[in-house]
Structures are given as structure tokens and as C-alpha cells.
Amino acid sequence: MSEITEDGGDPTLKPIFDKQREIFGDLLNPTKVMAHCPPILKAAQQLGQAIGQSGHLPKGMLPLIYLRVASINGCPF
């Protein structure tokens, strides 16, 4: 399955793609794959936001978790 790197004018993909490019400089690999089904990508993004906003993790812990997961997966982050 090919990766999707352009939003093609899709109203669900565009804001997600724009934000990731702003924050990370490019799209994250899972985003490129989940973009084949924009509703799933949007739900995954919302889940990530909910985890950060839940208050169950100490402030500043989430970036460390992302870094550790990236390291375990061999991804430069």
C-alpha cells in the first residue's frame, strides 16, 4: 500500500497534514498510512489529543513517551 503525502483537497486530511508539517516538518509515517481512510486518521488524532488532555499524565511526560516509543521503533524523532 502506498503512502499518502498530499491531502488532495480532502477537508479531513488538510488540517491534520498542515499541523503535522508545522510541528514536525513533515508527515509522520502512521499518518501517511492512515490517510487512506480519513475518518480513522481523524479518530486516531482525537485519541492522541484526549490522552494529552486527560490530566492522567504529569505535564511534560507525553513528549518523553513519544520520544521513547520512537526510540524503541528505531525512528529518528
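Here the structure is a predicted model, which is why all the values come from computation and not from measurement. Worth knowing before you read on, the calculation uses all heavy atoms, side chains too, and leaves out hydrogens, waters and symmetry mates.
Scored by the side-chain hydrogen bond (donor to acceptor under 3.5 Å, both in side chains) test, Glu6 finds no partners at all (sequence neighbours excluded). Under the rule for a side-chain hydrogen bond (donor to acceptor under 3.5 Å, both in side chains), the partners of Lys14 that lie at least two apart in sequence or sit in another chain are Asp18. Scored by the side-chain contact (heavy atoms from CB on, under 4.5 Å) test, Ile51 finds Leu47, Leu57, Leu62 as partners (sequence neighbours excluded). Every residue was checked against the side-chain contact (heavy atoms from CB on, under 4.5 Å) condition with Val33, not counting sequence neighbours, and none meets it. For the side-chain contact (heavy atoms from CB on, under 4.5 Å) test, residues two or more places apart in sequence or in another chain that qualify with Pro30 are Leu28, Met34. With sequence neighbours excluded, the residues satisfying side-chain contact (heavy atoms from CB on, under 4.5 Å) with Leu13 are Asp7, Asp10, Phe17, Ala35, Pro38, Leu41.
Taken to the nearest 0.5 Å, the CZ atom of Phe24 stands 9.0 Å off from the NZ atom of Lys19.
Put simply, the side chain of Arg21 reaches to within 4.5 Å of the side chain of Leu27, judged on heavy atoms.
Sequence neighbours left out, not one pair with a member in residues 34-59 passes side chain to side chain donor-acceptor pair (under 3.5 Å).
Counting all heavy atoms, side chain and backbone alike, Gly60 lies closest to Pro63 at O-CD, 3.4 Å.
The 12-atom threshold is exceeded at CG of Leu64, counting heavy atoms of other residues, nucleotides or ligands nearer than 6.0 Å.
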